[in-house]
Amino acid sequence: MVNLTIDDKQVTAPKTATIYEAAKLNGINIPILCHDSKLKPFGACRMCLVEVEQMKGRQIPACTTPVTEGMIIRTSTPDIVKARKMVLELLLLNHPIDCPVCDKGGDCDLQNLTYEYQVSANRFTDEKFQHEIDYNNPLIERDMNRCVLCGKCARICDEVVSFGALTFIDRGIETKIGCEFEGALNCEFCGSCVSVCPVGSLLARPFKFKARFWALTKQKSVCGYCGTGCNLTLGVQDNKVLTTIYDAEQGFHKGLLCARGRFGYQFINNDKRLTKPMVRKDGALREASWDEALQFVAGRLKGGNVAALSTARLTNEEFVLFKDLMKLAGSASYDHSAGYAHSALTKGLSRSFGVAASTATILDIQKSDLLLVIKTDAYETHPVVGFEINQAVKNKGVKLSILSDKRGKLGKLPGAKTLVHAPGTEIALLNAITKVILDEKLTAGTAASVAGFAELERALSDFTPEAVAGQTGIDAASIVQFARDYASAEKALIIFPTGLAYPGHNADLASAAANLAILTGKLGTEGSGVLCMAEKNNSQGAVDMGFYPANGGKDAGQILEDCASGSVKTLFVAGENPLVSYPDRSKVSAALDKVDCLIVSDLFLSETAAMADVVLPACSFAEKEGTFTSVDRRVQYFKPAIKKVGLSKSDFEIFSVLINLLGGQAPASPAAAFADIAASAPGYAGMSYAKLGEEGAFAPVDVKPALVAPAVVRPTVEQGKLALLVGSVLYHCGTLSQYGEGPMYVCPEGYVEISRADAAAHKVSEGDLLTVTSSTGSTQLKARISPRLPAGVVFAPYHFEAAQVNTIWSGAAVTWVTVGK
């Protein structure tokens with residue numbers, strides 16, 4: 001720490017702080033336009049000029065000048081105020097004074113500073129800019145006439161998002177922010193540039209002319225899409241969520257959001273929301289009272305032969321009640337997001353670490369020395385985690401090693417090493433890397449004493465790099481170097497995703513990854529461990545609450561088989577849409593069609609809900625309270641931002657009534673249910689809503705490592721066919737995002753990505769309608785020719801009902817398909 005004086009106040013600050021940061025730390029405000037805590041100092045706007053006694057005669061930028069011992073600083077002398085007024089006059093010289101119609105009005109830094117410094121006239125005159133306004137995309141409007149050249153939009157797009165869509169172009173008075181060849185904005189539309197723009201140059205078009213900023217009620221919440229656990233501030237007016245508001249200090253991610261988090265909130269107030277219960281009568285779903293619908297459901301649950309499937313978007317409290325309800329109905333068969341979607345946690349990490357959870361946190365990413373990323377482009381599955389990786393690599397020199405069956409955006413980061421392996425061979429590849437570590441004695445000193453060491457050595461005897469090279473398509477030397485890189489890093493973190501459309505990301509993949517961390521001693525220390533990124537916003541919570549098969553219960557696949565065979569008479573589906581998101585559509589459809597009673601609680605009349613006998617309108621996360629647990633076990637509380645839409649109820653309320661109708665007693669409130677969770681769930685002890693606060697709390701894990709020999713199933717290659725990979729696409733998460741206008745503006749339909757080589761071989765052009773056929777069915781998808789896919793591999797996102805990818809996706813780790821026009 002250094003000692004310094006700011007405005008006659010004795011303060012201290014870290015040696016690495018700038019004057020601006022030191023002042024902020026000590027509650028002293030210095031005006032600025034070009035600064036954001038996530039970006040490198042830039043010194044562009046000159047609003048933060050200060051005087052330093054040791055540098056007499058100079059006015060220096062506070063945001064780029066480091067503090068030194070004994071520095072005496074004055075932030076608001078008459079000369080400084082005069083200089084700032086002149087800066088504002090110059091900025092206003094060209095800036096249009098269209099505040100009455102600018103959506104940034106009331107939230108504009110330039111407007112606020114002009115008011116604060118009382119710049120009511122301008123000594124200078126010039127013509128206003130006449131830049132053409134970019135209305136070319138439906139999410140982001142660019143009006144460079146309002147730009148103050150702070151560069152924050154271009155810098156965050158490069159430094160954090162790693163896309164680089166915006167940059168400074170031209171020089172002098174002609175300087176402006178633009179895109180390549182001065183074209184329209186063509187990027188990922190995450191909106192990070194919009195969030196940091198201090199004026200109205202970049203605007204969120206979905207919010208335009210919806211409300212004035214000052215009329216919005218700001219409600220803090222937790223994002224309802226992926227498992228990253230990003231915090232949100234929702235802008236609410238008239239019981240509608242109209243926008244998301246940037247808060248640079250909110251959450252571990254400092255206000256960063258991805259495209260679906262920032263622009264996908266419209267599902268909350270979507271006109272298609274279910275508002276009343278429905279019961280099927282005379283073959284059609286007809287509106288009913290809550291009492292009639294719930295009495296009907298209770299009667300069916302009392303009849304026995306019941307099973308349940310749930311989305312991983314329920315709250316922890318709702319999962320506990322749903323489980324209690326199934327127990328009252330006499331069933332142990334309940335599961336979430338299909339069994340294989342969580343087996344990496346519930347089976348893999350459980351047997352390797354003794355706990356069904358990651359050992360590392362998202363915060364470890366920037367504290368590591370090396371990131372080993374397996375089968376993911378985090379920018380697509382968990383975009384804000386991708387931002388963390390980008391900042392770790394670019395700002396802190398963290399090394400990046402990637403094992404994947406296709407290339408992604410992560411592979412473009414500086415120094416990234418990517419090994420593209422044949423689909424379905426990732427466990428063999430990890431085993432070969434593990435064997436190198438064993439053979440070259442790169443293990444930690446205590447590794448030999450870990451349970452299972454000898455068995456693992458024997459099991460991996462055949463996984464030499466040379467033997468594995470043939471099946472993975474990766475040369476032995478690269479495998480050896482990967483092993484040495486990982487083992488030699490002082491701190492290393494392994495990252496891999498799991499989810500509905502990632503069937504190869506199973507228990508054995510988790511154990512294969514865990515073996516590396518255990519053998520090299522990269523566990524239990526900052527910047528090391530394993531981070532399993534589950535897909536949905538409360539996938540980890542579903543596991544922590546035990547909402548998966550145990551004690552003889554059936555998993556999702558077995559439940560559907562029992563439905564088809566008639567063993568399950570009543571199926572309760574909460575928030576899930578298996579007809580679209582589960583593999584093998586015809587099998588799922590037949591199973592749902594066979595049950596005597598299908599009960600669905602959901603926000604929308606999904607394809608699955610349309611088949612139901614009873615449909616219960618459920619609330620979104622914005623209308624209820626509870627807790628979600630992120631992929632790194634950060635437990636976060638959120639409360640209602642708006643009143644419930646129509647007559648909808650939270651799943652907590654629905655399950656509570658049903659429990660009471662079945663003779664049980666439900667907790668009086670979500671807070672009471674969470675008190676029960678805190679008393680019983682490992683790691684949740686001592687938590688309460690009050691203690692969680694706005695930042696949440698980590699549920700600790702007690703790791704008891706054991707080495708496990710992963711089973712390897714070598715995929716049978718079907719000659720003449722292509723390997724179909726299924727997964728998430730950047731703009732979507734499950735099927736819910738189909739009801740978000742923002743994601744659908746950017747990515748409105750399914751498609752199939754095909755390599756350039758295969759496109760040429762099959763005479764496929766961009767946009768061609770291809771018939772894709774597998775052993776389970778056939779569907780038509782538009783072609784996207786992509787350089788990131790190796791020959792012999794195609795990829796399709798699974799989110800879209802219209803595309804019906806699950807017609808051809810079998811659920812196997814690799815589905816073989818043919819394509820034709």
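Note that the structure is a prediction, hence the values are computed from the model and not measured.
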(message) Please determine whether side-chain hydrogen bond (donor to acceptor under 3.5 Å, both in side chains) holds for the pair Asn577 and Glu607, giving the CA-CA distance in whole Å, both sets of side-chain angles, and the decisive distance to 0.1 Å.
(response) CA-CA 7 Å; Asn577 190 7; Glu607 293 73 16; 2.7 Å; yes
Min side-chain heavy-atom separation [X]-[Y] under 4.5 Å:
| X | Y | answer |
| --- | --- | --- |
| Ile659 | Leu328 | yes |
| Tyr582 | Leu500 | yes |
| Gln636 | Leu692 | no |
| Met611 | Asp593 | yes |
| Leu736 | Phe604 | yes |
| Val573 | Pro578 | yes |
| Trp290 | Leu294 | yes |
| Asp562 | Ser565 | yes |

Shortest non-hydrogen contact from [X] to [Y]?
| X | Y | answer |
| --- | --- | --- |
| Ala211 | Gln237 | CB-OE1, 3.1 Å |
| Ser648 | Ala618 | CB-O, 3.8 Å |
| Phe496 | Ala344 | CE1-CB, 3.9 Å |
| Leu285 | Asp613 | CD2-O, 4.1 Å |
| Pro667 | Ala673 | CB-N, 3.8 Å |
| Ala574 | Phe322 | CB-CE2, 3.6 Å |

Are [X] and [Y] within salt-bridge range, i.e. N to O under 4.0 Å?
| X | Y | value |
| --- | --- | --- |
| Lys218 | Asp247 | no |
| Glu801 | Arg585 | yes |
| Lys624 | Glu318 | yes |
| Lys554 | Asp335 | no |
| Glu695 | Arg634 | no |
| Lys644 | Glu623 | no |

Indicate yes or no for a side-chain donor-acceptor contact from [X] to the backbone of [Y] under 3.5 Å, with no hydrogens or angles considered.
| X | Y | value |
| --- | --- | --- |
| Asp238 | Lys240 | no |
| Thr776 | Thr807 | yes |
| Arg262 | Gly191 | yes |
| Lys254 | Gln250 | no |
| His382 | Thr228 | no |
| His505 | Ala341 | no |
| Gln540 | Gly227 | no |
| Ser656 | Ala666 | no |
| His253 | Asn231 | yes |
| Lys536 | Ala312 | no |

Straight-line distance of [X] [atom1] to [Y] [atom2], nearest 0.5 Å:
| X | Y | atom1 | atom2 | value |
| --- | --- | --- | --- | --- |
| Leu309 | Leu598 | CG | CG | 9.5 Å |
| Trp809 | Gln804 | CH2 | CD | 14.0 Å |
| Ile245 | Lys220 | CD1 | NZ | 11.0 Å |
| Ser620 | Ile268 | OG | CD1 | 5.0 Å |
| Phe655 | Lys323 | CZ | NZ | 13.5 Å |
| Met744 | Gln738 | CE | CD | 5.5 Å |

(message) Going by side-chain contact (heavy atoms from CB on, under 4.5 Å), name the residues that satisfy it together with Glu292, two or more places apart in sequence or in a different chain.
(response)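 Per chain and number, Glu292 pairs via side-chain contact (heavy atoms from CB on, under 4.5 Å) with Lys281, Ala288, Ser289.
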Residues [X] and [Y]: side-chain donor-acceptor under 3.5 angstrom:
| X | Y | result |
| --- | --- | --- |
| Ser728 | Tyr798 | no |
| Asn316 | Asn538 | yes |
| Asp632 | Ser358 | no |
| Gln266 | Asn270 | no |

(request) Going by the ring-ring contact (aromatic ring centres under 6.0 Å, His included) test, name the single residue among Phe319, Phe547, Phe572 that passes it with Tyr334. (result)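 The ring-ring contact (aromatic ring centres under 6.0 Å, His included) with Tyr334 is passed solely by Phe547 among Phe319, Phe547, Phe572.
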(request) Apply the side-chain contact (heavy atoms from CB on, under 4.5 Å) test between Leu571 and each candidate in Asp596, Thr608, Ile599, Leu592; give the one that qualifies. (result) Leu592
(message) Would Glu317 and Thr627 count as a side-chain hydrogen bond (donor to acceptor under 3.5 Å, both in side chains) here? Give the steps.
(response) CA-CA 7 Å; Glu317 296 78 357; Thr627 54; 2.9 Å; yes
(message) Between Glu625 and Tyr637, is the side-chain hydrogen bond (donor to acceptor under 3.5 Å, both in side chains) condition met? List the steps.
(response) CA-CA 7 Å; Glu625 71 170 341; Tyr637 168 74; 2.6 Å; yes
(request) Could you walk me through whether Val631 and Ile362 pass the side-chain contact (heavy atoms from CB on, under 4.5 Å) test, one step at a time? (result) CA-CA 8 Å; Val631 295; Ile362 295 171; 3.9 Å; yes
(request) Would you list the pairs meeting ring pair (Phe, Tyr, Trp, His ring centres under 6.0 Å) in which at least one residue belongs to residues 257-278, sequence neighbours left out? (result)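 Pairs touching residues 257-278 that pass the test: Tyr225-Phe267.
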(request) Please test Ser337 against Thr311 for side-chain contact (heavy atoms from CB on, under 4.5 Å), starting from the C-alpha separation and ending with a verdict. (result) CA-CA 6 Å; Ser337 296; Thr311 176; 5.5 Å; no
(request) Decide side-chain hydrogen bond (donor to acceptor under 3.5 Å, both in side chains) for Ser601 and Asp651; before the verdict, give the C-alpha distance in whole Å, the side-chain angles of both, and the deciding distance to 0.1 Å. (result) CA-CA 8 Å; Ser601 66; Asp651 286 291; 3.0 Å; yes
(request) Quick one: do Thr361 and Leu531 satisfy side-chain contact (heavy atoms from CB on, under 4.5 Å)? Show the steps, please. (result) CA-CA 7 Å; Thr361 71; Leu531 181 61; 5.9 Å; no
(request) Answer yes or no: does atom NZ of Lys691 have more than 12 heavy-atom neighbours from other residues, nucleotides or ligands under 6.0 Å? (result) no
(request) Measure up the His342 and Tyr548 rings against each other and bin them: parallel (under 30°), tilted (30 to 60°), perpendicular (over 60°). (result)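 His342 and Tyr548: tilted rings.
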